[in-house]
Amino acid sequence: MSAVSLILIAFCFYYVRQTNDKLRLLTKALNDVGISNEKNTLAIDEIRAGSIGMGQVIQQIKLNTENELQVLADKHAELAMHDPGSKLYNRAAKMVAKGASIEEVMLECEIPRAEAELVISMRKL
């Protein structure tokens, strides 16, 4: 019986040693995964911070562009209002588009023949 006991004790020591070796390997692997996870988390945080910063920059560019477009639109409207001649030419162009003759354009818009002919020529392009 003592030989069987010695064999069982030896087997138990062998099993405990194998289990300890596996436990050490698993602990090391778990630590490696933890380190990798920390690195990935830091990388994700950096990407997230960069994305947020980029989004803020894009938003600011969008706002600036919208403001500049509004300023340009206001200036365009102001220039159109201060140029009385442009109203006549716009009206002449609309008349030509509807098929008005040179004489009709000259009389209605009070512009010379040469200008009426120019409006008609430009409309044909």
Q: Show the atom names and distances, to 0.1 Å, of all donor-acceptor pairs under 3.5 Å that link a side chain in residues 41-50 to residues at least two apart or in another chain.
A:
{"from": "Thr41", "atom 1": "OG1", "to": "Asn37", "atom 2": "O", "distance (Å)": "2.8"}
{"from": "Asp45", "atom 1": "OD1", "to": "Arg48", "atom 2": "NH1", "distance (Å)": "3.2"}

Q: So how far is it from Leu72 CG to Thr65 OG1, rounded to the nearest 0.5 Å?
A: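 Output value for this atom pair is 11.0 Å.
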Q: Can you tell me how far CZ of Phe13 sits from CD of Gln18, rounded to the nearest 0.5 angstrom?
A: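 Taking CD in Gln18 and CZ in Phe13, the distance rounds to 14.5 Å.
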Q: Look up atom CD in Glu66 and atom NZ in Lys62, then write down how far apart they are to the nearest 0.5 Å.
A: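 If I round to the nearest 0.5 Å, the distance is 5.0 Å.
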Q: Ignoring hydrogens and geometry beyond distance, is a side-chain donor-acceptor pair present between Gln60 and Asn64 at under 3.5 Å?
A: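 Yes, a side-chain donor-acceptor pair sits under 3.5 Å.
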Q: For residues 100-109, which side-chain donor-acceptor pairs fall under 3.5 Å, sequence neighbours excluded?
A:
{"from": "Ser101", "atom 1": "OG", "to": "Glu104", "atom 2": "N", "distance (Å)": "3.3"}
{"from": "Glu103", "atom 1": "OE2", "to": "Arg113", "atom 2": "NH2", "distance (Å)": "3.0"}
{"from": "Glu104", "atom 1": "OE1", "to": "Ser101", "atom 2": "N", "distance (Å)": "2.8"}
{"from": "Glu108", "atom 1": "OE2", "to": "Arg91", "atom 2": "NH2", "distance (Å)": "2.5"}

Q: Can you give me the closest heavy-atom contact between Ala92 and Ile111, atom names plus distance?
A: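 So the two residues come closest at CB-CD1, 4.3 Å.
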Q: Keeping the roles fixed (side chain from Thr19, backbone from Tyr15), state whether a donor-acceptor pair exists under 3.5 Å.
A: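 Side chain of Thr19 to backbone of Tyr15, a donor-acceptor pair under 3.5 Å: yes, one is there.
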Q: Can you tell me how far CG of Asn31 sits from CG of Leu26, rounded to the nearest 0.5 angstrom?
A: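 Taking CG in Leu26 and CG in Asn31, the distance rounds to 11.0 Å.
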Q: Could you grab the distance from atom NZ of Lys28 to atom CG of Leu23, nearest 0.5 Å is fine?
A: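 It comes to 14.0 Å.
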